[in-house]
Amino acid sequence: MQKKYTINVDISINSGQVFLWRKYQDYWYGVNGQNVLRIDNLGKIKSYQNKSIDFFRNKDNTDQIIKSISKDKVTKNSVKKYFGLRLMDQDPFQCLISFIVSSNSNIPKIKQSLECICARFGDKIKFDNKEFFLFPTPEKLSQASIFEIKKCGVGYRAKFIKEAAKVVVLKKIDFEELRKTNYSEAKKHICKIPGVGNKVADCVLLFSLNKLESFPLDRWMIKILEKYYLDEFKIMTKTITEKQYEILHEKIVKHFGPYAGFAQQFLFKMERENYKKKWL
DNA sequence: CCAAGGCCTGAATG
DNA sequence: ACATTCAGGCCTT
């Protein structure tokens with residue numbers, strides 16, 4: 001009998017999905033929207049809001065998913081090496097703003113900007129005798145001045161942040177609704193948000209809207225595909241246009257199947273570790 | 001449909 | 001000490 005697929009919390013948190021996390025002794029603490037989560041090394045969660053949350057997607061049949069994405073040597077190796085890596089189901093608004101901030105940036109910088117945004121616009125709370133700033137509500141961010149948002153070092157993205165928050169407040173985008181719609185429909189809607197292109201949209205869909213076939217293609221993933229999957233995907237250009245992104249995504253889903261997003265996370269983790277890139 | 005350049009910041013390199 | 005390069009994705013032309 002094969003060992004059931006468990007959770008490796010360290011690996012999961014250090015995989016580029018989340019930014020507002022820190023470790024105190026044996027627990028990871030992380031901001032997730034209006035909630036703060038405390039996670040032990042088995043993945044057991046206690047939350048500030050005291051409500052249960054399937055943050056690690058335990059309802060998935062993960063054993064089957066892992067089997068399904070293990071189509072080739074590369075994924076098989078990364079699945080083995082990073083055993084316990086999970087996709088996390090995040091607060092959608094925080095996820096959206098996080099990945100708008102992420103564009104044209106890097107992980108340490110993203111983390112710093114987001115922490116500043118929380119401290120400046122989020123509510124201060126106490127949990128486990130520690131202080132945290134919650135992520136700001138859409139209302140709060142939609143009313144913030146661009147000048148104030150810029151103080152968090154987000155530069156030209158400040159107006160995207162404000163506009164994105166407005167879109168959410170005005171219910172032009174409804175996360176609950178998007179969770180139920182299919183991948184391409186949901187993507188069409190989310191790409192209308194200022195500052196959201198293909199890559200950011202796929203991150204939001206994968207990490208907070210339950211779209212497991214989305215496969216965010218950033219510079220790293222392109223590099224990875226060129227390096228290990230040249231025969232399969234034949235990437236010809238350095239800059240990926242919208243059309244090419246779409247075609248490439250179709251090929252990817254054909255190769256990895258409906259849970260391609262899981263494969264993306266393993267490959268990303270693997271290559272960033274190879275290059276010893278910083279996580280949090 | 002595609003190509004090129006601008007937007008911002010901070011770390012790394014010269 | 002200072003200047004340049006680089007990383008990074010979206011938007012406009």
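Just so we're on the same page: letters track the sequence lines, and every chain starts at 1.
- A sub-4.0 Å separation between OP1 or OP2 of B:dC2 and a side-chain N or O of A:Thr241 is present.
- Rounded to an integer number of Å, the gap from CD of A:Glu242 to P of B:dA3 is 14 Å.
- The base of C:dG9 lies close enough to the side chain of A:Tyr156 for a donor and an acceptor atom to sit less than 3.5 Å apart.
- Annotation: of the two residues near DNA chain C, A:Trp220 and A:Gly195, the 5′-most nearest-nucleotide partner is A:Trp220.
- Side-chain contact check for A:Glu148 and A:Ser145: no donor-acceptor pair (N or O, by modelled atom type) lies under 3.5 Å.
- For the pair A:Ile149 CD1 and B:dC8 C1', the computed distance is 15 Å after rounding to whole Å.
- Put simply, A:Arg157 has no side-chain N or O that comes within less than 4.0 Å of OP1 or OP2 on C:dC10.
- One interatomic measurement links the two molecules: CD1 of A:Ile161 to P of B:dC7, which rounds to 18 Å at whole-angstrom precision.
- B:dC7 atom C1' lies 8 Å from atom NZ of A:Lys159, rounded to whole Å.
- Ring geometry for A:Phe127 versus A:Phe132: interplanar angle of 30 to 60°, hence tilted.
- If you check C:dG9, B:dG10, B:dC8 against the side chain of A:Lys150, the one that comes closest is B:dC8.
- For the pair A:Lys130 and A:Tyr24, the cation-pi test (distance below 6.0 Å, angle within 45°) is passed.
- Here B:dC1 presents its P atom at 9 Å from CD of A:Glu246, a figure rounded to the nearest Å.
- Counting non-hydrogen atoms under 4.0 angstrom, A:Val154 reaches nothing in the nucleic acid.
- Using a 4.0 Å heavy-atom cutoff across all strands shown, A:Pro108 reaches no nucleic acid atom at all.
- Checked by atom type, the side-chain pair A:Asn182/A:Lys211 shows no donor-acceptor distance below 3.5 Å.
- If you check C:dG9, C:dC11, B:dC1 against the side chain of A:Phe160, the one that comes closest is C:dC11.
- Between the P atom of C:dC11 and the NZ atom of A:Lys192 lies a distance of 14 Å, rounded to the nearest Å.
- Using modelled atom types and a 3.5 Å distance limit, the side chains of A:Asp202 and A:Tyr183 yield a donor-acceptor pair.
- When rounded to the nearest whole Å, the span between CD of A:Gln244 and C1' of C:dC10 equals 16 Å.
- In this structure, CD1 of A:Ile117 is placed 13 Å from P of B:dT9, rounded to the nearest angstrom.
- Nearer to the 5' terminus of DNA chain C, by closest-nucleotide assignment, is the contact made by A:Lys223 (compared with the other of A:Val196 and A:Lys223).
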